[in-house]
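Working notes for the structure below.
Naming convention: chains lettered A, B, ... in sequence-line order (proteins, then strands); numbering from 1 in each chain.
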Amino acid sequence: MLDHRQVRENPTLIEKGLIRRGIKVDLTSLKLDSQKLNQIEQQRNQLQAEGNEVGKEVGKKIKDGINPNSEEITLLRNKGNEIKKKVNLLEEEEKELAKLIQEQILHLPNIPDLSCPNGNDESDNLQIRTWGNTLRGEGYKEHWEIAENLGLIDTDRSVRIAKSRFVTLFNQGARLERSLINFMLDIHTSKGYTEVLPPALVNTASLQGSGQLPKFSDESFRCSEDDLWLTPTAEVPLTSLHRDEIIPHEKLPIKYVAYSPCFRREAGSYGRDTRGLIRLHQFNKVELYWFVHPDKSKDAHEEITSDAESILKALELPYRVIQLCTGDLGFSASCTYDLEVWLPGANTFREISSSSICDDFQARRSSIRTKSGKKTQLVHTLNASGLAIGRTMAAILENGQQPDGSVTLPEALVPYFGDKQLKPAK
RNA sequence: GGAGAGGUGGCUGAGUGGUUGAAAGCGGCUCCCUGCUAAGGAGUUACAGGAGGCAACUCCUGUCGAGGGUUCGAAUCCCUCCCUCUCCGCCA
């Protein structure tokens with residue numbers, strides 16, 4: 001959420017920032033509303049002060065022995081009543097206006113960072129660096145084919161259980177998924193991350209706090225009976241872990257790593273990535289999340305990104321780092337690096353992690369602050385996948401595939417998986 | 001699901017209509033004192049919004065789970081909702 005004071009005092013700055021995202025808004029009316037709200041607030045404040053004086057006076061007089069039914073008291077009571085009427089009217093107006101303003105501000109995305117390259121869509125994204133040798137050539141199979149041949153997944157039966165875009169893992173597939181989760185959690189916790197296993201269902205306030213609501217309600221599954229939602233990413237519960245808190249500055253930075261299942265409706269993606277493990281309604285993910293002092297968030301972004309990269313390196317998976325342009329940036333982010341893993345079967349790079357800095361955008365929505373001395377200020381938040389498990393498995397299958405149909409696993413994973421390769425079940 | 005209890009400041013916990021944003025204790029911070037010392041004393045210690053100085057401050061308003069109501073005046077009375085705890089039932 002953007003600062004409504006900034007909307008009031010410097011709307012052009014916001015307008016310019018949003019134009020970089022390709023969003024053209026005129027904040028003039030919002031600014032006027034905000035000023036009006038400010039004015040009403042002041043009027044109401046003044047009236048309330050008067051009313052409080054009357055109340056005190058009555059109390060004092062009655063205490064001093066003046067008859068509560070005397071004319072003197074009655075006059076004061078009438079005065080108080082009049083003030084109250086006025087206050088009520090103002091309050092009504094104020095509430096409506098505040099709601100109107102809030103609704104509009106909640107729909108505005110974060111302002112892109114100055115370092116974020118301008119652009120319209122993903123074709124304008126910048127490649128920052130690459131790592132590893134990208135296997136290229138004929139004859140590489142796509143991961144779903146490898147997985148089906150090895151008996152790791154069964155798509156048809158998953159449709160029977162749920163619907164399309166769900167997957168069921170079997171045997172070595174299920175085991176591989178499990179070992180990847182453990183592997184990633186171990187690496188991150190060894191670097192000082194605190195492991196968290198959050199609820200998979202979250203309330204509306206949590207979703208709004210991290211920026212998924214109100215704008216993207218189509219993207220999440222909802223349990224309407226209970227007003228709860230299935231988490232689209234652990235970023236949501238992790239943000240809300242400290243919602244409405246003031247974190248002492250000496251406790252920052254706070255670094256969390258969480259495994260969670262993630263649920264996304266994938267509305268509007270019909271026909272894309274229909275096979276395999278790339279785009280599912282339910283997938284597993286290990287997520288990194290930082291709360292940092294606002295002065296330190298820039299460095300933190302590089303660090304959290306490299307923490308995510310370290311998994312790819314450990315798994316010997318070639319990848320590249322892309323900086324998203326302004327037009328491709330997510331709602332809450334001001335700057336994002338995507339890590340894209342190489343898939344030789346698909347002959348393409350695929351996003352496997354997204355590493356974003358949100359500045360104080362989520363912190364303001366969630367009211368997460370830090371205090372040093374008398375100064376209270378909003379913290380900055382960062383998140384990065386570390387990594388998406390399903391896509392990691394796809395990358396391992398495609399990069400480790402052998403001519404005989406088996407898959408050689410990365411060495412670092414062997415202690416977790418318990419075997420060096422995947423072979424067809426007999 | 002049934003029955004009951006309760007939600008007050010960082011914590012414990014008073015407070016049932018009138019300068020109570022809130023006693024007391026603990027904790028935190030600041031200063032002082034000091035051979036009865038793993039002690040003593042004094043002070044201070046919520047958040048938000050707004051006005052002014054536009055900096056260290058001063059003032060106003062709101063906030064005792066949330067929202068509404070009664071009243072000149074509510075933490076205190078009434079209504080609705082949310083949440084927590086205990087017991088029973090069910091259950092991994």
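- Contact between the side-chain N/O atoms of A:R5 and the OP1/OP2 oxygens of B:G49 is found at a separation under 4.0 Å.
- Exactly one residue among A:I153, A:V159, A:D154 makes a side chain to side chain contact (heavy atoms under 4.5 Å, CB included) with A:R157. That residue is A:D154.
- Residues satisfying the side chain to side chain donor-acceptor pair (under 3.5 Å) test with A:D121, not counting sequence neighbours, are A:S123.
- Between A:F331 and A:F216, the gap from one ring centroid to the other is short of 6.0 Å.
- The side chain to side chain donor-acceptor pair (under 3.5 Å) pairs that include a residue from residues 178-189 of chain A are A:D186-A:Y416, where partners are two or more places apart or lie in different chains.
- Within the nucleic acid shown, A:R364 has no heavy atom closer than 4.0 Å to any nucleic acid atom.
- We find that CD of A:E94 is positioned 13 Å from C1' of B:A48, with the value rounded to whole Å.
- Annotation: A:F221 is in aromatic contact with A:H281 [ring centroid separation under 6.0 Å].
- Separation of the P atoms belonging to B:U63 and B:U76 is 10 Å when rounded to the nearest angstrom.
- For A:N171, the side chain to side chain donor-acceptor pair (under 3.5 Å) test picks out no residue, with sequence neighbours left out.
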Any protein N or O atoms within reach of nucleotides 65-70 of chain B? Criterion: under 3.5 Å, listing atom names and distances.
{"from": "B:G68", "atom 1": "OP1", "to": "A:K95", "atom 2": "NZ", "distance (Å)": "2.1"}

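- Straight-line distance between the C1' atoms of B:G7 and B:A75: roughly 12 Å, to the nearest whole Å.
- Residue A:N81 has a polar side-chain atom (N or O) positioned under 4.0 Å from OP1 or OP2 of B:C72.
- If you take atom P in B:C26 and the same atom in B:C88, they sit 38 Å apart, rounded to whole Å.
- Nearest to the side chain of A:A49, among B:G50, B:C60, B:G62, sits B:C60.
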Please walk me through it: do A:K191 and A:S310 pass side-chain hydrogen bond (donor to acceptor under 3.5 Å, both in side chains)? CA-CA 11 Å; A:K191 287 184 184 164; A:S310 73; 2.8 Å; yes
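- A sub-4.0 Å separation between OP1 or OP2 of B:C83 and a side-chain N or O of A:N203 is absent.
- By the side-chain contact (heavy atoms from CB on, under 4.5 Å) test, A:I62 pairs with A:V58, A:P68, A:I73, sequence neighbours left out.
- An OP1 or OP2 oxygen of B:G73 is reached within less than 4.0 angstrom by no side-chain nitrogen or oxygen of A:N52.
- The side chain of A:R369 lies closest to B:A48, out of B:G50, B:A48, B:U61.
- When the salt bridge (charged side-chain N to carboxylate O under 4.0 Å, His left out) test is applied to A:D113, the partners found at least two apart in sequence or on another chain are A:K298.
- Screening residues 90-106 of chain A for side chain to side chain donor-acceptor pair (under 3.5 Å), with sequence neighbours left out, gives A:R44-A:E94.
- The distance between the ring centers of A:H380 and A:F361 does not fall below 6.0 angstrom.
- For the segment residues 72-79 of chain A, residues with any heavy atom less than 4.0 angstrom from an atom of RNA chain B are, sorted by number, A:R77.
- Take A:T204 and apply the side chain to side chain donor-acceptor pair (under 3.5 Å) test, not counting sequence neighbours, and it matches A:D227, A:W229.
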Watson-Crick and G-U pairing of RNA chain B written in dot-bracket, each distance under 3.5 angstrom, with | for inter-strand partners: ((((((((.[[[..)..(.....]]]((((((.......))))))(((((((....))))))).[[[[[..)....]]]]])))))))....
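- Taking the nucleotide of RNA chain B with the nearest heavy atom to each of A:R8 and A:E50, the more 5' of the two is matched to A:R8.
- Here the separation of B:U44 from B:C57, taken at their P atoms, is 15 Å to the nearest Å.
- When the side-chain nitrogen and oxygen atoms of A:R44 are compared with OP1 and OP2 of B:A51, none of them lie within a distance under 4.0 Å.
- For the C1' atoms, the distance linking B:A74 with B:U16 amounts to 10 Å, nearest Å.
- Of the residues near RNA chain B, A:Q48 and A:H4, the one whose nearest nucleotide (by heavy atom distance) lies more toward the 5' end is A:H4.
- Taking atom C1' in both B:A24 and B:A51, one finds a spacing of 36 Å when rounded to whole Å.
- The neighbour count for A:E250 CD, taken as heavy atoms of other residues, nucleotides or ligands under 6.0 Å away, is above 12.
- With P as the reference atom, B:U45 and B:G25 are 15 Å apart, rounded to whole Å.
- Going from the C1' atom of B:U70 to that of B:G17 covers 11 Å, rounded to whole Å.
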Under 3.5 Å, which N/O atoms of the protein pair with N/O atoms of nucleotides 17-19 of chain B?
{"from": "B:G18", "atom 1": "N2", "to": "A:G55", "atom 2": "O", "distance (Å)": "2.9"}

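- Remark: A:K61 pairs with A:E72 by the side chain to side chain donor-acceptor pair (under 3.5 Å) rule, at least two apart or across chains.
- Taking the six-membered ring where tryptophan is involved, the planes of A:H242 and A:Y256 are essentially parallel, since the angle between them stays under 30° and well short of 60°.
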